[in-house]
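Take a look at the structure below.
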There are 2 protein chains.
Amino acid sequence: MSRRTYDQYCAVARALDVVGERWTLLLVRELLTGPKRFKDLLDGLSGIGTSLLTARLKDLEGNGILRRTTLPPPAGSKVYELTDLGRSLEPVVIALSRWGLKLLEAPRPEEETRAAWAMVALQSSLKLEAVRGRKETYEFRVDGESFHVQVEGDEAEVRQGSAVDPDLIISGDTETLLSVAAGRLTLAEAIEAGAIATEGDRGSLARCLAVLGSPGRDGGKSVREDIRAQQAR
Amino acid sequence: MSRRTYDQYCAVARALDVVGERWTLLLVRELLTGPKRFKDLLDGLSGIGTSLLTARLKDLEGNGILRRTTLPPPAGSKVYELTDLGRSLEPVVIALSRWGLKLLEAPRPEEETRAAWAMVALQSSLKLEAVRGRKETYEFRVDGESFHVQVEGDEAEVRQGSAVDPDLIISGDTETLLSVAAGRLTLAEAIEAGAIATEGDRGSLARCLAVLGSPGRDGGKSVREDIRAQQAR
DNA sequence: CGGAATCCTCTTCGATACTG
DNA sequence: CAGTATCGAAGAGGATTCCG
């Protein structure tokens, strides 16, 4: 309740007054893919402890970043979800993810792994220019969990759960997807290596490869090359 | 030295392991506009204390975010400057700034004010589409301090110090510029009100107004309206 | 000036135990 | 499952001192 602030008339400082404390942005990361129960949050933030999680949730609710709601029947469970203001933190989390990807190599033994985290990383590495306004829906199945990614114009939505009518289904494991997001592996290479399987028409696959293209090559060329690599299989 | 980490195999968590501690991102903010001496940093981060600043600097140097160097003669002072990795945190700070601007109203009495902070906010609110590849240099004189802003393509560089041959000089105070950055005031309105003065040709002014246009109006229209407002003066 | 080191107080964190 | 209560450990903050 003491609310320590930087007391600086500065937009960055003000932002950090609200979301700069330990765990806070990771909590937002958890909620970006959809509403979560207290237990889910606890699981995705192992080490936080129930007291601190409660405190952070109260704080963020007070600042209008998230709200408590009850899921419609038959679920009926109490969950936390981002408000519009909270969702507008997405660019902050995405920017952190892009930067963090530079530092992320193989997982250390003591580190936990979650499929949802790979999805955030994936979102942060999308090359949205490659789809130029086209609307496309992909379903990702990562280590048993499903997510859907909707790409349209210069926006991408990534949420937990299956897609209704996906143009493409991509299956793989967390570590492979993180490698793709980090640019250490192209999606085409991962497919060739059998680490990722896809299901859908060739056109969607080509566009998905482009959107997830490796950063090293330029957009247009990358698309064609990746398609060749895929067809050569 | 204990290096508390989240131990999550996640790009966001990894980023926050490095720059998520208290003061760290504000320290990066300070260095974004150019190298600074220990004393300058202390001044821009009042409340941090020499011990903690020293610790953070060591930490960031160890992580390759910044380095200690000696300024070329005649200055010769020891300064801290961002490495390439450190500078690549700019999008993170900018994203925080954009978000923080939503929360930033009038300064509270206990809050400090710095011209450089307004410049960061200004950078975060630039509409770079409005200059479409054109290279332009603006000099800002804010409460006695000078900064130069170079806009080219989709990139903008904001640094302390005067520009060599600016296309436009904009003079004003910190709070007015923050209001412009926050979109509560258009640059044109501020000029009309006498809170901001400009010096330079009309074309550059028009483009500068566009780049700093209020978010509420669309780009092209805003330019013409702002020019009319200016000419009507 | 540019730090490093120490001491002391206070706040925050983290872990566990306990309750509705 | 969703928290509250509690307590030791770690970190922050402020002042002051010392060194190069």
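Throughout, protein chains are lettered first and strands after them, A, B, ... in sequence-line order, and every chain is numbered starting at 1.
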What is the distance, rounded to the nearest whole Å, between atom CG of B/Leu45 and atom P of D/dG13? 11 Å
Find the distance B/Asp59:CG to D/dA12:C1' and express it as a whole number of Å. 15 Å
DNA chain C-proximal residues of residues 7-32 of chain B, any heavy atom under 4.0 Å: none
Distance check: side-chain N/O of A/Tyr80 vs OP1/OP2 of D/dG3, anything under 4.0 Å? yes
Earlier contact from the 5' end, DNA chain C, for B/Thr50 and B/Arg37: B/Arg37
Gap between atoms CG and C1', on A/Leu57 and D/dA2 respectively (whole Å): 11 Å
Side-chain donor-acceptor pair present, B/Gln123, B/Glu90, cut-off under 3.5 Å: yes
Both conditions, 6.0 Å and 45 degrees, for the charged tip of A/Arg14 above the ring of A/Tyr9: are they met here? no
Gap between atom CG of A/Asp40 and atom CD of A/Gln160 - 0.5 Å precision: 8.0 Å
Would you indicate, yes or no, if C/dG2 has its OP1 or OP2 atom less than 4.0 angstrom from a side-chain nitrogen or oxygen of B/Lys78? no
Quick one: is A/Lys58 getting a side-chain N or O under 4.0 Å of the D/dT4 phosphate, OP1 or OP2? yes
Which whole-number value in Å describes the distance from A/Arg4 CZ to D/dG11 P? 13 Å
To the nearest Å, give me how far apart CG (B/Asp40) and P (C/dG3) are. 10 Å
Counting the atoms with a prime plus P, OP1 and OP2 as sugar-phosphate, which does A/Ser77 contact under 4.0 Å by heavy atoms, base, sugar-phosphate, or nothing? nothing
Identify which nucleotide among D/dC1, C/dA15, D/dA15 has an atom closest to any side-chain atom of B/Ser51, counting heavy atoms from C-beta outward. D/dA15
Would you tell me if any nitrogen or oxygen in the side chain of A/Arg68 comes within less than 4.0 Å of OP1 or OP2 on D/dA2? no
Distance check needed: C/dT11 C1' versus A/Leu52 CG, whole Å only. 12 Å
So which heavy atom on A/Asp7 is nearest to which on A/Asp17, and how close? N-OD2, 4.5 Å
If you measure from the Lys or Arg side-chain nitrogens to the Asp or Glu carboxylate oxygens, is any gap between B/Lys58 and B/Glu61 under 4.0 Å? no
Once you round it to whole Å, what is the distance between C1' of C/dA15 and CG of A/Leu42? 12 Å
Pairwise distance CG(B/Leu26) to CD1(B/Ile48) - rounded to 0.5 angstrom: 8.5 Å
Is a side-chain donor or acceptor of B/Arg98 paired with a backbone partner of B/Ser124 at a separation under 3.5 angstrom? yes
Expressed as a whole number of angstroms, how long is the span from B/Leu53:CG to C/dG3:C1'? 9 Å
